2 protein chains.
Amino acid sequence: MKELTPRQEEALAFVLETLERRGYPPSVRELCEALGLSSTRGALRHLEALERKGFISRAPGARAIRVRDGLRGGVAYLPLVGEVPAGPLRYASEEVEEWLPVPARWGGKGRFLLRVKGDSMIGDGICDGDLVVVNPGGGVEEGEIVVALVEGEATVKRLRRRGGVVELHASNPRYAPLRVRKGEAEVKVVGKVVSLLRERV
Amino acid sequence: MKELTPRQEEALAFVLETLERRGYPPSVRELCEALGLSSTRGALRHLEALERKGFISRAPGARAIRVRDGLRGGVAYLPLVGEVPAGPLRYASEEVEEWLPVPARWGGKGRFLLRVKGDSMIGDGICDGDLVVVNPGGGVEEGEIVVALVEGEATVKRLRRRGGVVELHASNPRYAPLRVRKGEAEVKVVGKVVSLLRERV
DNA sequence: TTTACTATTAAACAAATATTTACTATAATA
DNA sequence: TATTATAGTAAATATTTGTTTAATAGTAAA
């Protein structure tokens, strides 16, 4: 990405700020005024420069400014599920409480949000009521924080494997680890916890 | 919220879809064409109805359509700032690293994201590298977690007021509280920490 | 039935907006 | 030095866009 001149940065900042503030882009004249110019030509020049350098794209017509993804952070939507499904997530609407926007790089195939119950993971900064992003499926490494189904109930724990024994560790010392022998089917690792949202700190 | 007629729903859907697809609202003529009308008057009527029923608001000017929060997938964009400004946030681009999407109810006037440095608040589940949503300005109550500027450096701490003395408490016992007498200007409370994002658990 | 609301067309009009042409000036650079 | 990119002003023009006026019709409710 090419560098912007200070003036061009000001122009871009105003476009972004306007989009944020009221939901549609500024006109050339509004940009002109924001930059303190007396001719629209100057403002137009900055827009042309921003387009040439790839920060925005423009179409014929009024306010037809589109900001490049990444400047206005791409968005992904993840479903907040009420129950953790044993099988692949089907997004049946009964299972999905809500779809929430997250930064695009948090998204991915099959990922979903799960509300954490209890304080068993406060040692890892995961609190009661937090929403964790779960990357479902295999590829879970020793020592990672996972979502597991223990007798049908979803739980967030740290995974340890000790020679044929799967252990689920809390990070709150008041909780004892759960040990399960290989082959016992009562525990199923759903996926790995990758990110976290906390609505109220 | 009032009900929409089928035709008004079509109009609203087109506005939302256009915003999603290219980042700025449609013109009346574009809506007109999308609805298969031969006169802009019809399309304008639908926009007027949508405004009257509270689904959108409009301003004078081209494409000046603003969609009510909650319809647009419930997303708000907050700037991730590198430095915490002493005054009101100006969105000068040097200060803004990135704009990130968050659930709409996390947004609000002046709110911004700040990256937490250090582990002084792990007792409250706030870890090094977390992004906190800051609601700037007054109205900070005793006992709340705040962002404060201490000698120009931003820090996240819990606020206590004890008769003329402002105290900033870490929740990690390894850190001592900072006490500041009233009137000493080296500490400035920027705002309250309301929400939290953690990219990598 | 009357009334109110929705839906639509046609044509004209007014305002906002983008764009172009022409000219000046500065700073960095090959 | 000449060149290139940036930054700006002024004025005019073209286009897009929003808005208004004047009609016609269907539907649902009082």
Side-chain angles (χ1 to χ4, degrees), chain A residues 1-19 21-68 71, chain B residues 1-19 21-68 71 90 92-94:
Chain A
M1 187 62 53
K2 286 176 188 163
E3 287 284 316
L4 293 181
T5 67
R7 211 63 174 132
Q8 288 164 6
E9 284 208 36
E10 279 183 62
L12 180 59
F14 178 71
V15 172
L16 290 169
E17 190 258 334
T18 302
L19 270 168
R21 179 164 40 81
R22 58 173 201 196
Y24 52 88
S27 67
V28 174
R29 264 168 194 75
E30 287 170 338
L31 175 60
C32 178
E33 192 177 353
L35 293 176
L37 301 177
S38 65
S39 167
T40 55
R41 190 69 184 94
L44 189 60
R45 273 271 169 73
H46 292 309
L47 287 181
E48 288 167 352
L50 289 175
E51 185 170 28
R52 178 162 33 81
K53 294 183 179 182
F55 287 79
I56 63 173
S57 64
R58 302 199 310 140
R63 301 176 201 246
I65 300 173
R66 170 191 223 163
V67 173
R68 208 196 68 224
L71 292 177
Chain B
M1 186 63 52
K2 286 174 190 165
E3 288 283 317
L4 293 182
T5 68
R7 210 60 173 135
Q8 288 165 5
E9 281 208 42
E10 280 183 61
L12 179 60
F14 178 71
V15 172
L16 291 170
E17 189 254 331
T18 303
L19 269 169
R21 179 163 40 81
R22 58 174 201 196
Y24 53 88
S27 67
V28 174
R29 269 168 187 76
E30 287 170 338
L31 174 60
C32 178
E33 191 177 354
L35 294 176
L37 301 175
S38 66
S39 167
T40 56
R41 190 68 185 95
L44 189 59
R45 272 274 165 73
H46 293 310
L47 286 181
E48 287 167 353
L50 289 175
E51 186 170 28
R52 179 163 32 80
K53 295 183 178 181
F55 286 80
I56 63 174
S57 65
R58 302 198 311 142
R63 301 175 199 248
I65 301 173
R66 172 189 223 163
V67 173
R68 212 196 65 224
L71 294 178
R90 248 186 311 276
S93 51
E94 321 91 65

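The structure displayed is predicted, hence computed values, not measured ones.
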Which is more 5' along DNA chain D, the nucleotide nearest B:Gly61 or the one nearest A:Gln8? Just name the residue.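 The 5'-side residue here is A:Gln8.
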In whole Å, what is the span from the [atom1] atom of [X] to the [atom2] atom of [N]?
X       : N      : atom1 : atom2 : answer
A:Leu47 : C:dT17 : CG    : C1'   : 12 Å
A:Arg52 : D:dA5  : CZ    : P     : 8 Å
B:Glu30 : D:dG18 : CD    : C1'   : 13 Å
B:Leu44 : C:dA10 : CG    : C1'   : 15 Å
A:Glu33 : D:dT9  : CD    : P     : 13 Å
A:Glu48 : C:dT21 : CD    : C1'   : 13 Å
B:Ile56 : D:dG18 : CD1   : C1'   : 13 Å
A:Arg58 : C:dA18 : CZ    : C1'   : 8 Å

Candidates [options] - which lies nearest the side chain of [X]:
X       : options                : value
B:Ser38 : C:dA10, D:dT17, D:dT6  : C:dA10
B:Arg45 : D:dT6, D:dG8, C:dA7    : C:dA7
A:Arg41 : C:dT21, D:dT19, C:dA18 : C:dT21

Taking 4.0 Å as the cut-off, does a side-chain nitrogen or oxygen of [X] come that near to OP1 or OP2 on [N]?
X       : N      : answer
B:Lys53 : C:dC5  : no
A:Ser27 : C:dA16 : no
B:His46 : C:dT8  : yes

Tell me whether the side-chain N or O atoms of [X] pair up with the base of [N] as donor and acceptor below 3.5 Å, since no angle test is needed here.
X       : N      : answer
A:Arg29 : C:dA16 : no
A:Thr40 : C:dT19 : yes
A:Ser39 : D:dA10 : yes

Any base atoms under 4.0 Å from [X], or only sugar-phosphate, or nothing? Heavy atoms, all strands.
X       : answer
B:Arg63 : sugar-phosphate
A:Arg7  : sugar-phosphate
B:Leu37 : sugar-phosphate
A:Gly42 : base

With distance as the sole test, does [X] use its side chain to make a donor-acceptor pair with the main-chain N or O of [Y] at under 3.5 Å?
X       : Y       : answer
A:Arg52 : A:Phe55 : no
A:Arg29 : A:Ala43 : no
A:Arg7  : A:Leu35 : yes
A:Glu51 : A:Arg58 : yes

Any salt bridge between A:Glu30 and A:Arg21, counting N to O under 4.0 Å?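 Salt bridge flag = no for A:Arg21 with A:Glu30.
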Could you measure the distance from the CG atom of B:Leu50 to the CD1 atom of B:Ile56? Nearest 0.5 Å is fine.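 CD1 of B:Ile56 is found 5.0 Å from CG of B:Leu50.
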Would you mind pulling out the nucleotide paired to D:dA30, Watson-Crick or G-U wobble, both distances under 3.5 Å?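 WC or wobble partner is C:dT1.
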